[in-house]
**Student:** 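Take a look at the following structure, please.
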Amino acid sequence: MSKTIKKIGVLTSGGDAPGMNAAIRSVVRTCAYHNIECVGVYRGYEGLMEGDFKEMNARSVKDIINRGGTILKSARSMAFRTKEGRVLAHSQLKQADIDALVLIGGDGTFTGGMIFNQEFGYPVIGIPGTIDNDIYGTSHTLGFDTALNTVVDAIDKIRDTASSHNRLFFIEVMGRDVGHIALNVGVGAGAEEILIPEEDLGLDRLVESLRRSRQSGKSSSIVIVAEGDKIGKSVFELKDYVDENMEGYDVRVSVLGHMQRGGSPSCFDRVLASRMGVKAVESLMAGKTNYMVGLINNEMELTPLESAIKGKSKINLELLRVSEIMAT
Ligand code: F6P
């Protein structure tokens with residue numbers, strides 16, 4: 001292993017996700033294990049440009065494996081998108097003698113890191129942290145599994161009231177550009193229909209499907225709608241549409257929102273975060289840079305940051321068919 005890395009910085013950037021703290025803990029403790037100094041960078045790239053750093057040791061990360069959010073805080077930085085911002089960040093790193101960075105975040109975080117690496121030859125490794133699971137090069141991003149469990153729990157509760165009042169619920173879940181959360185919770189919580197950005201169900205088919213389920217004797221229904229679904233109508237517009245065009249439906253809407261990003265990480269996310277942190281630090285020690293660590297076939301693998309950003313995460317459309325059969 002290369003001896004050149006003596007001090008590593010770690011930051012979280014973009015939307016927070018459960019498991020980020022467990023990943024910070026893993027990075028800090030792997031550094032301690034290998035006698036490498038570790039520095040926490042506050043508020044992502046914003047704190048990087050300001051030199052908002054804090055020395056961390058193994059004890060600084062006690063009692064955080066179970067906590068949602070990120071103790072280092074997060075931000076979406078516009079200034080780091082400018083050359084001046086990145087020059088400033090680089091000078092702060094040099095001044096603090098930080099040799100490499102571990103970046104925990106999503107594609108925006110990785111794009112910034114990749115450009116920074118290209119401009120300054122500065123060593124960076126990414127850890128994918130976002131509930132959306134929209135990153136190529138890993139079957140799971142940190143926070144995805146926890147979010148699925150949080151959302152299924154919320155839908156189960158909504159089901160109680162849907163069933164008691166014979167109602168149709170449109171439930172909006174997160175996933176700006178992808179339907180991973182919607183697809184999985186749709187199957188896991190037994191939805192009637194799932195609307196995702198990757199497939200246009202079409203209003204006619206939705207209406208048809210609701211009628212069919214009524215005819216088959218169902219008195220309540222749940223339709224999961226991903227934020228960025230293709231049908232082109234918001235959950236509120238869908239409600240209006242059913243109110244205006246279909247008789248006998250008592251429709252309600254529930255937008256789950258940011259509660260999906262919070263909460264204590266699942267065991268799966270804690271284990272994943274711990275593995276990713278070890279792999280990230282040891283990859284930097286081995287001289288690897290400009291990669292993202294990811295879970296592929298249950299192994300920790302490296303994918304170039306550029307592919308992680310440009311590649312498309314694979315969505316399991318088979319789940320749509322499973323959902324259709326289960327909705328019989
Ligand atoms: O974390 C990803 C995500 O949850 C998206 O699904 C969503 O569109 C977005 O973040 C909203 O984030 P914010 O409110 O922080 O802009």
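Please read all numbers here as calculations on a predicted model, not as lab measurements. Note that the numbering runs from 1 along the sequence shown for the chain. Counting starts at 1 for both ligands and their atoms, following the listed order.
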**Student:** Judged by modelled atom types alone, do R159 and S164 share a side-chain donor-acceptor pair under 3.5 Å?
**Tutor:** no
**Student:** Between H258 and ligand 1, is there a nitrogen or oxygen pair with a distance under 3.5 Å?
**Tutor:** yes
**Student:** How far is atom 4 (O) of ligand 1 from its nearest protein heavy atom, and which residue and atom name does that atom have?
**Tutor:**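 The closest one turns out to be M174 SD, 2.9 Å.
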**Student:** With a 6.0 Å cut-off (strictly less than), is the heavy-atom count around CZ of R67, excluding the residue itself, greater than 12?
**Tutor:** no
**Student:** Only one of R43, K73, R76, R261 passes salt bridge (charged side-chain N to carboxylate O under 4.0 Å, His left out) with D16; say which it is.
**Tutor:**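 Running salt bridge (charged side-chain N to carboxylate O under 4.0 Å, His left out) over R43, K73, R76, R261 with D16 returns exactly one hit, R261.
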**Student:** Could you please spell out the steps behind the side chain to side chain donor-acceptor pair (under 3.5 Å) verdict for N149 and T146?
**Tutor:** CA-CA 5 Å; N149 289 302; T146 305; 5.9 Å; no
**Student:** Of all the non-hydrogen atoms in the protein, which one sits nearest to atom 1 (O) of ligand 1, and at what distance?
**Tutor:**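 Looking only at protein heavy atoms, the one closest to atom 1 (O) of ligand 1 is R261 NH1, 3.3 Å.
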**Student:** State if R76 counts as touching ligand 1 under the rule of any non-hydrogen atom under 4.0 Å.
**Tutor:**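 The answer is yes, since R76 has a heavy atom less than 4.0 Å from ligand 1.
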**Student:** Is it true that atom CZ of F169 has more than 12 heavy atoms of other residues, nucleotides or ligands lying nearer than 6.0 Å?
**Tutor:**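 Atom CZ in F169 is crowded, with more than 12 foreign heavy atoms closer than 6.0 Å.
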**Student:** Counting non-hydrogen protein atoms only, what is the nearest one to atom 5 (C) of ligand 1? Give residue, atom name and distance.
**Tutor:**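 Going atom by atom, the protein heavy atom closest to atom 5 (C) of ligand 1 ends up being D132 OD2, 3.2 Å.
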**Student:** Does only the side chain of E227 get under 4.0 Å from ligand 1, or the backbone, or both, or neither? Count heavy atoms.
**Tutor:**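 For E227, only side-chain atoms sit under 4.0 Å from ligand 1.
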**Student:** Just one of V10, I36, N57, V102 clears the side chain to side chain contact (heavy atoms under 4.5 Å, CB included) bar with C31, so which one?
**Tutor:**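 Of the listed residues V10, I36, N57, V102, the side chain to side chain contact (heavy atoms under 4.5 Å, CB included) partner of C31 is I36.
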**Student:** Check ligand 1 against G175 and write out every atom of the ligand that is under 4.0 Å from a heavy-atom position of the residue.
**Tutor:** 6 (O)
